[in-house]
Number of protein chains: 2
Amino acid sequence: MNQLADRGEPTKGRSRRLGKNGDGAERHEAIYRSISDAIIEHRLKPGARLREDALSEVFGVSRTGIRKILQRLALEQLVTLTPRRGASVTRPTADEAREVFDARQMIECGLMPEVAKRIGAADVQELRAMASREREALRAGEQSTAIKLSAAFHERLAELSGNATLAAFVGRLCSRSSLILAVYGNPGNLGCESHDHDDLIRYLEAGDGEGAKAFMSHHLKEIEASLSIVEEEAEAPDLHSIFGG
Amino acid sequence: MNQLADRGEPTKGRSRRLGKNGDGAERHEAIYRSISDAIIEHRLKPGARLREDALSEVFGVSRTGIRKILQRLALEQLVTLTPRRGASVTRPTADEAREVFDARQMIECGLMPEVAKRIGAADVQELRAMASREREALRAGEQSTAIKLSAAFHERLAELSGNATLAAFVGRLCSRSSLILAVYGNPGNLGCESHDHDDLIRYLEAGDGEGAKAFMSHHLKEIEASLSIVEEEAEAPDLHSIFGG
DNA sequence: GGCGCCCAATGCGTATACAATAAGGGGATC
DNA sequence: GATCCCCTTATTGTATACGCATTGGGCGCC
């Protein structure tokens, strides 16, 4: 039946010739990144609903593929999947925010000595370039880009430790941090000061693992301190706790 | 269609007549646990293939649901999804094994001081019970059960820190550790000595966070030392590296 | 006039059908 | 007799169709 539709008209004018398996995986990966980036860059704000139909139409794949991607995002806690209500961008709670920063404190700081040991000249160059691009984005007022670059910087740093497992954890924590910034951040204050990352690189370049560790700890504490982490309780006022029900 | 198969065999209570959405989620969760447990208990060994058809028949749900579960397991790195070859139980590499233990070293040890601070009498009781069951299983020669209980102990311990995010990480690391034991473990040596966990509980009960941390570090090092972490290279002899091609 | 119930529509959950690919076996040829 | 190629088969990837729950609005009743 759809052999007919196959040649003439993709019906929805949706892209072309999909159904091809070969590039299906890449396509899905690209879609995943699109959505993930949009969330991290705050172009999709916490609470935003992500309807499967709409996404499938936008990206030109069927709901099946979208669902797969949405599930992956849900497992990374970037989107929340409520049983019959569909997907929406996760709105982190205050508790989660604290947990994420405690976790970053432990893992990222713990990784610094190893990074300081392993870092090479090429790595230093790369990190400097990333920090530079980040500073540029900040100066240009492109908050979205700056946020993404900052997360990428922290993630790349973790990768330099040589432990891919922990680096993956850090990556997830950074993504979630971006979400947390969107909810609890104050406008104009991005968390990561632009010079901080450069200072950090200097410690690492000098092989000063303990210095880098201490600096990272301070850096993360500053980011966390710049937030206003208070429960907003906008949509689900807990009547039980209010009236002692 | 599948009503036919319906009468024959309740198998696990009521299997079919799904399509009911309400309990679908629970059912999927149960299936997920079944497979996950089977892997952790080494009833499914690394490298074992997990065909979608077979699983869908066994559990009485369609391939759609199985795929979802398989993807979740893949994201947790318990199964490996190769593009056109389907799913199989992950066979961790030696590098991954080292990474996992390094990660556990960092996170689990780092959590001990907080756990020692927060632990209560009821928690101590619960942990002792778990350790006791574990010892029993070991004595009865039920390796599968002992492995699962040991992982559960470490995971519960992490939960007591109050940081659910890090606890989830630890849970994933423990699951992967179980896989690592299956590949690199020596028979008869289970890794976790039976008395170790009891000793650890004593440190925590006494509020000695640093002591618990040091003990945990030693404990993990012993487990890692009991393994024979060498690449096996069974199925893909790298001819290039052998012949210098 | 307000409150509660019912109906319709939207959108997710599941199953099934179809297409494509990779692997393995058999046959033919050199 | 061995090797290479093609064909068959088994298994995944994707799309679509159908069913059900939930939600929002309209209507009737109190």
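Chain A is the first sequence line, chain B the second, and so forth, proteins listed ahead of strands; every chain is numbered from 1.
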Give me, pair by pair, the N or O atoms of the protein and of nucleotides 5-10 of chain D that are less than 3.5 Å apart, along with how far apart they are.
none

* Of A:K68, A:R27, A:E76, which is the lone residue that meets side-chain hydrogen bond (donor to acceptor under 3.5 Å, both in side chains) with A:Y32? -> A:E76
Given [N], is OP1 or OP2 found less than 4.0 Å from the side-chain N or O atoms of [X]?
X	N	answer
A:R84	D:dC20	no
B:K68	C:dG13	no
B:R85	C:dA23	yes

* Mapping B:E52 and B:T64 onto DNA chain D by nearest heavy atom, which one lands closer to the 5' end? -> B:E52
* Determine the contact category for B:R63: base if any of its heavy atoms lies under 4.0 Å from a base atom, sugar-phosphate if only primed atoms, P, OP1 or OP2 are that close, otherwise nothing. =>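 If one applies the 4.0 Å heavy-atom cut-off, B:R63 turns out to touch a base.
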* Looking at OG of B:S144 and NE2 of B:H42, how far apart are the two atoms once the value is rounded to the nearest 0.5 Å? ->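 So the gap between those two atoms works out to 8.0 Å.
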* To do: State the CD-CD distance between B:E108 and B:E155, to the nearest 0.5 angstrom.
  => 10.0 Å
* Asked: So, A:E99 side chain and B:T165 main chain: donor-acceptor pair closer than 3.5 Å or not?
  -> yes
Polar pairs (N or O, both sides) under 3.5 Å between protein and nucleotides 5-7 of chain C?
none

* Asked: Is any side-chain heavy atom of A:M106 closer than 4.5 Å to a side-chain heavy atom of B:L111?
  ->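 Side chain of A:M106 against side chain of B:L111, heavy atoms only: contact under 4.5 Å found.
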* Asked: Can you list every pair that meets salt bridge (charged side-chain N to carboxylate O under 4.0 Å, His left out) and has a residue in residues 157-169 of chain A, with sequence neighbours left out?
  -> A:R156-A:E159
